[in-house]
Amino acid sequence: MINIVLFGKPGAGKGTQAEFLKDKYNLVHISTGDVFRYNLKNNTELGKQAKAFMDKGDLVPDELTIKMLQDEVEKNIQATGFLFDGFPRTIAQAEALDRFLESKDWSVTATVALEANDEVLIQRLLERGKTSGRPDDQNEDKIRNRYDEYNEKTAPLIDYYTKKNLFYSVNGIGTIEEVTQRLSLIIDDFIDK
Ligand code: AMP
């Protein structure tokens, strides 16, 4: 069982890399952002509850997010591994993930982060907003708010996973293939251990 946490700021390329890594390592890809957007689009109860937070670029409350993540894992319980993209984003989520995986006799195999300069990422997101249709990518204030959320609530996870010897980061700037290659080197190392 391989459980990879793909870590990085908004716009760092997590979704793009996840598409390649999930095939390469035969993992079920769970993007909490994608699941929330799907629920929003279909106007489900979860979508209604998450909407106000997502519209502002705030994190959705832990309780809702953790429950949703667990449901997604349970739906794919036969998987040989998971690629968590955009989760965990708070210490409470990381602790809940550890407890949840432990209850299945699993654990986080590795956390790999995509590093890039904030200003480069903000320009990338504004560019993406022109075609993605994502309202949270189209407004610089909302983007900056997502960075504030990241710095305040998500950045402490670096320490959390470093203490467990599970945190690795790679330069997220380069061609898609170059970045996939950098991530793969790290993941391969953990798998061999
Ligand atoms: P993303 O596509 O990962 O950038 O996520 C888009 C939005 O979904 C975020 O700005 C949050 O509002 C919400 N979201 C996604 N993942 C999480 C999470 N792990 N915890 C809280 N909110 C999340």
Side-chain angles (χ1 to χ4, degrees), residues 3-19 21-22 27-75 82-101 108 111-116 118 120-158 160-161 167 172 183:
N3 293 303
I4 305 291
V5 173
L6 196 54
F7 194 81
K9 292 177 184 171
K14 297 188 294 294
T16 305
Q17 290 301 324
E19 286 304 311
L21 295 175
K22 71 170 193 203
L27 307 172
V28 171
H29 173 210
I30 301 180
S31 156
T32 43
D34 284 351
V35 180
F36 278 134
R37 276 185 290 281
Y38 175 86
N39 279 276
L40 221 69
K41 204 169 123 204
N42 291 286
N43 210 17
T44 65
E45 197 45 47
L46 177 65
K48 285 180 203 156
Q49 287 172 314
K51 186 175 187 328
F53 300 98
M54 293 179 73
D55 281 350
K56 279 190 277 181
D58 286 346
L59 291 185
V60 176
D62 284 334
E63 205 190 332
L64 277 182
T65 308
I66 291 165
K67 165 87 173 59
M68 179 266 261
L69 189 278
Q70 292 179 346
D71 288 347
E72 290 298 311
V73 171
E74 296 288 359
K75 279 185 211 162
F82 289 92
L83 182 59
F84 298 107
D85 160 8
F87 184 97
R89 264 170 143 116
T90 64
I91 295 280
Q93 290 179 16
E95 288 172 348
L97 180 64
D98 279 346
R99 280 196 301 272
F100 180 63
L101 294 179
V108 171
T111 305
V112 279
L114 292 168
E115 298 280 357
D118 281 10
V120 172
L121 294 182
I122 289 168
Q123 287 315 314
R124 240 196 221 180
L125 282 183
L126 286 167
E127 227 13 75
R128 181 169 88 182
K130 290 181 193 162
T131 52
S132 72
R134 280 182 56 171
D136 59 347
D137 281 349
Q138 289 169 17
N139 173 309
E140 191 159 342
D141 286 344
K142 284 185 191 173
I143 292 178
R144 294 209 178 265
N145 186 45
R146 283 154 71 199
Y147 278 78
D148 290 345
E149 287 281 81
Y150 175 92
N151 288 328
E152 188 190 327
K153 298 174 183 163
T154 309
L157 292 180
I158 297 174
Y160 180 87
Y161 286 114
F167 186 82
L183 291 169

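Just so you know, these numbers come straight off a predicted model, no measurement behind them. Atoms within each ligand, like the ligands themselves, are counted from 1 in listed order.
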Check your understanding: For Arg37 and ligand 1, does the shortest N/O to N/O distance drop below 3.5 Å?
Key ->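 By distance alone, the answer is yes.
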Point to revise | Pro88, any N or O under 3.5 Å of ligand 1 N or O | key: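 It does not: no N or O of Pro88 is found under 3.5 Å from an N or O of ligand 1.
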Can you list the ligand 1 atoms lying under 4.0 Å from a non-hydrogen atom of [X]?
{"X": "Arg134", "result": "1 (P), 2 (O), 4 (O), 6 (C)"}
{"X": "Thr65", "result": "18 (C), 19 (N), 20 (N), 21 (C)"}
{"X": "Arg146", "result": "4 (O)"}

Check your understanding: Is there a heavy atom of Lys56 sitting under 4.0 angstrom from any atom of ligand 1?
Key ->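 Not so, Lys56 does not reach ligand 1.
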Review point. Mind checking whether Lys14 has a heavy atom under 4.0 Å from ligand 1?
Key: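 Contact check Lys14 vs ligand 1: negative.
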Exercise for review: Using the salt bridge (Lys or Arg N to Asp or Glu O under 4.0 Å) rule, collect all pairs that involve residues 28-40, keeping only residues at least two apart or in two chains.
Suggested key: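 Applying salt bridge (Lys or Arg N to Asp or Glu O under 4.0 Å) to every pair that reaches into residues 28-40, excluding sequence neighbours, yields Asp34-Arg37.
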In plain terms, say whether [X] and [Y] are close enough for a salt bridge, that is, a side-chain N and a carboxylate O under 4.0 Å apart.
{"X": "Asp136", "Y": "Lys142", "value": "no"}
{"X": "Glu63", "Y": "Lys67", "value": "no"}
{"X": "Lys56", "Y": "Asp141", "value": "no"}

**Study point:** Stepwise salt bridge (Lys or Arg N to Asp or Glu O under 4.0 Å) test for Asp55 and Lys51
**Key:** CA-CA 6 Å; Asp55 281 350; Lys51 186 175 187 328; 2.7 Å; yes
Check your understanding: So Phe84 and Phe87, would you call those rings parallel, tilted or perpendicular, with 30° and 60° as cut-offs?
Key ->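 The arrangement is tilted - the two ring planes meet at 30° to 60°.
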Return the residue, atom name and 0.1 Å-rounded distance of the protein heavy atom closest to [atom].
{"atom": "atom 15 (C) of ligand 1", "answer": "Arg89 NH1, 3.5 Å"}
{"atom": "atom 20 (N) of ligand 1", "answer": "Gln93 NE2, 2.9 Å"}
{"atom": "atom 23 (C) of ligand 1", "answer": "Phe36 CE1, 3.8 Å"}
{"atom": "atom 8 (O) of ligand 1", "answer": "Met54 CE, 3.5 Å"}

Practice item. Kindly say whether the aromatic ring centers of Phe7 and Tyr161 come within a distance under 6.0 Å. Key: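 No.
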Review point. Which of the listed options, Leu59, Asp58, Val60, Thr32, holds the heavy atom that is closest to atom 12 (O) of ligand 1?
Key: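 Closest candidate by heavy-atom distance is Asp58.
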Exercise for review: Assess the side chains of Asp118 and Tyr150: does a donor N or O sit below 3.5 Å from an acceptor N or O?
Suggested key: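 Their side chains do not contain a donor-acceptor pair, so the 3.5 Å distance test is not met.
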